[in-house]
Protein chains: 2
Amino acid sequence: MSQTVDRALSILPLLAQGPADLGQVAERLGVHKSTALRLLRTLHEHGLVYRQEDQRYRLGARLFALAQEAVENLDVREIAHSHLVALNEQCGHTVHLAVYEENEVLYIDKVESRYPVRMYSRIGKPVAITVAAVAKLLLADLTEPERRAIAERLDYPMYTSRSVPNAGAFLKELAVVREQGWATDLGGHEESINCVGAPIRGADGRVVAAMSVSAPNVVVTAEELLTLLPLVRRTADTISREYSGTTPTKKA
Amino acid sequence: MSQTVDRALSILPLLAQGPADLGQVAERLGVHKSTALRLLRTLHEHGLVYRQEDQRYRLGARLFALAQEAVENLDVREIAHSHLVALNEQCGHTVHLAVYEENEVLYIDKVESRYPVRMYSRIGKPVAITVAAVAKLLLADLTEPERRAIAERLDYPMYTSRSVPNAGAFLKELAVVREQGWATDLGGHEESINCVGAPIRGADGRVVAAMSVSAPNVVVTAEELLTLLPLVRRTADTISREYSGTTPTKKA
DNA sequence: ATGGTCGTTGCAGAGAATGCAACGATGACG
DNA sequence: CGTCATCGTTGCATTCTCTGCAACGACCAT
């Protein structure tokens, strides 16, 4: 909509691939050097790009600050966190919380065995959207055409022999998940790791987030992990109720 | 430099404080609603803002992707990481790596006792720049006028009774650190936690990063922690050499 | 039913961004 | 040591884009 802003923002993913100098930016943007310079300067003033000693530009620190604050302000995360911790204390396994946004599935919280850690390590990386239990839960709630559109657009990497192989199988899996109200990932991402997850719903019944418990085979078998399902679902439902209760438009 | 881009980017920190609707954005930006709308649309197309169901805008997922890729591309981090892990295995304590950028000190890697965790949890939060060992190391390398300018601009929160209280004390501390080539934080941030750190230098001798080892009082006393200093310095020097050796302008 | 709020769109004017060309700094090479 | 090439930077005139306005439509509450 705004050409200038559009160009400026296009610089960011470009620099995400690695540092670049003015000429490279101008070329890849298809504009004159002086134009690129002014755009970069503006980005620089806002801290989104940084100029290293060799005069090349790279992404700046403010991006971290923004990403950090962004995740802090997610209502679901705030409400869910204490419940995730409690669940972790009961079962001892890793607990994940994820949301869906614009064709991406995003981990927004994680509780590790020993102490809580906000886990951003996977954020931005290609999430195993075709196999992760939370991804299935989030996608299963979309409308049928949406699901189909996404399923066809995805790649289906065979992380293991049990990974979901193609769009057909994925849609079938989503239908199952949608029906039963919970999901698993039995060695589909990493051979020895199983997950079981449940959806968190808003007041209107739509899935706003998904949570899962993960554990390696060596600790508990897949069957044993499945015995946790009632607990996981109960936790998810508790969070759902609490989330639905609060007026979403509370903050100023 | 570019008014349009400037306005658009000003929206991001604004949304970082929490979701806002079109009217609020327009008002706080001092522009007409239609203008704000177009800016938001452009940001939206690039995934930097997300529109939630109640039509309010908040920061988008792409920010995470960018922040993630940004940190992945830091040469120092890549080179240092394996050394940090090795150090961690030797001493068992938490190891941090940080850089300085535009008046901010930024953790870019962390190795926890049991397994490596990229630690973004502190990123974006007000880093304890006045007390952290790594912060002292990074700031100590700046020129005298720079140091003074920053020292005066900072706040000096008294996290504990041993926190650096004011600009004068801070500058004095920086001088010491600059002289001796290493730094400590003895309970200055959290009463029971001590740190000892050393600088990582580039080929020109300038400090490009800083690393530290942290441990709680209950595990080792401050004195015991200080016995690790030679090891920490040796590790930092090793990283420095390796970093200096590689041609910084290697990547395309 | 009605008034109010909020998001959205088309349009004409105005202002900002663009590309050009020239300058200066830096470094490579003969 | 001098020359040439490369890259970042700046001032300026032109042009195109962005802006603000006003009107419309959707939605909600009263």
Side-chain angles (χ1 to χ4, degrees), chain A residues 1-12 14-15 17-46 48-60 102 202-204 206 244 246-252, chain B residues 1-12 14-15 17-60 102 202-204 206 244 247-252:
Chain A
M1 280 279 134
S2 168
Q3 188 192 58
T4 315
V5 179
D6 187 55
R7 283 173 173 169
L9 297 183
S10 300
I11 293 178
L12 298 179
L14 196 154
L15 291 183
Q17 298 169 17
D21 62 28
L22 179 60
Q24 295 168 334
V25 172
E27 186 188 9
R28 300 191 56 178
L29 227 62
V31 298
H32 196 271
K33 279 190 306 180
S34 55
T35 303
L37 177 68
R38 282 182 281 254
L39 296 177
L40 281 166
R41 271 221 258 260
T42 311
L43 289 169
H44 179 85
E45 278 176 16
H46 286 260
L48 297 185
V49 308
Y50 176 71
R51 192 152 203 197
Q52 28 189 39
E53 311 84 48
D54 61 354
Q55 295 216 98
R56 291 191 304 166
Y57 295 90
R58 62 169 171 77
L59 295 180
E102 316 255 7
D204 54 0
R206 293 213 41 190
S244 304
T246 60
T247 29
T249 46
K250 187 176 52 181
K251 285 186 177 175
Chain B
M1 281 280 134
S2 169
Q3 188 192 57
T4 316
V5 178
D6 186 57
R7 284 173 172 169
L9 297 182
S10 301
I11 294 178
L12 297 179
L14 195 154
L15 290 184
Q17 298 170 17
D21 62 30
L22 179 60
Q24 294 168 335
V25 172
E27 186 189 10
R28 299 192 57 177
L29 227 63
V31 298
H32 197 270
K33 279 190 305 178
S34 56
T35 303
L37 177 67
R38 281 181 281 255
L39 296 177
L40 281 165
R41 271 220 259 260
T42 312
L43 290 169
H44 179 87
E45 278 177 16
H46 286 259
L48 297 184
V49 307
Y50 176 72
R51 192 150 202 199
Q52 26 189 42
E53 310 85 46
D54 61 355
Q55 294 215 101
R56 291 191 303 168
Y57 294 90
R58 61 170 172 77
L59 296 178
E102 315 256 8
D204 54 359
R206 293 213 39 190
S244 303
T247 28
T249 47
K250 189 177 50 180
K251 286 188 178 177

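So you know, we letter chains A, B, ... as the sequences are listed, proteins then strands, and number each from 1.
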When rounded to the nearest 0.5 angstrom, what distance separates CG in B:Leu43 from CG in B:Leu15? 8.0 Å
It should be established whether A:Thr35 places a side-chain nitrogen or oxygen under 4.0 Å from OP1 or OP2 of nucleotide C:dG19. yes
How long is the line joining CD of A:Gln55 and P of C:dA25, in whole Å? 13 Å
In whole Å, I'd like the distance from the CG atom of A:Asp54 to the C1' atom of D:dG8. 13 Å
Report the distance from atom CZ of B:Arg41 to atom P of D:dC18, rounded to the nearest whole Å. 13 Å
Between P of D:dG8 and CZ of A:Arg56, the distance in whole Å: 11 Å
Should A:Ser2 be listed as having a side-chain N or O under 4.0 Å from OP1 or OP2 of D:dC18? yes
Would you kindly give the CE-to-C1' distance between A:Met1 and D:dT17, to the nearest whole Å? 13 Å
Is there a donor-acceptor pair closer than 3.5 Å between any side-chain N or O of A:Glu45 and the backbone N or O of A:Thr42? no
With a 3.5 Å cut-off and heavy atoms only, can you find an N or O donor on one side and an acceptor on the other between the side chain of A:Arg38 and the base of C:dG19? yes
Taking the side chain as everything from C-beta on, heavy atoms only, tell me whether A:Val31 gets closer than 4.5 Å to A:Val25. no
Between B:Arg51 and B:Tyr57: side-chain donor-acceptor atoms closer than 3.5 Å: yes
Measure from CG on B:Leu22 to C1' on C:dT9 and round the result to the nearest Å. 13 Å
B:Thr4 has its side chain closest, among D:dT19, D:dG8, C:dT8, to D:dT19
Quick note, A:His32 side chain, CB onward, closest among C:dG19, D:dT10, D:dC18 is C:dG19
Does B:Lys33 contact C:dG7 through a side-chain donor or acceptor facing the base, at a distance under 3.5 Å? yes
Tell me whether the OP1 or OP2 atom of C:dT18 has a side-chain N or O from A:Arg7 closer than 4.0 Å. yes
Do the side chains of A:Arg206 and A:Asp204 get close enough for a salt bridge, i.e. N-O under 4.0 angstrom? no
Spacing between A:Leu39 atom CG and D:dT9 atom P, to the nearest angstrom: 14 Å
Kindly point out which of D:dC21, D:dG8, C:dT8 is positioned nearest to the side chain of B:Leu37? C:dT8
Any N or O donor-acceptor pair under 3.5 Å from the base of D:dC21 to the side chain of B:Ser34? yes
Judged by each residue's nearest nucleotide on DNA chain D, which is more toward the 5′ side, B:Gln3 or A:Asp21? A:Asp21
Specify the separation, in whole Å, of atom CD of B:Glu27 and atom P of C:dG7. 12 Å
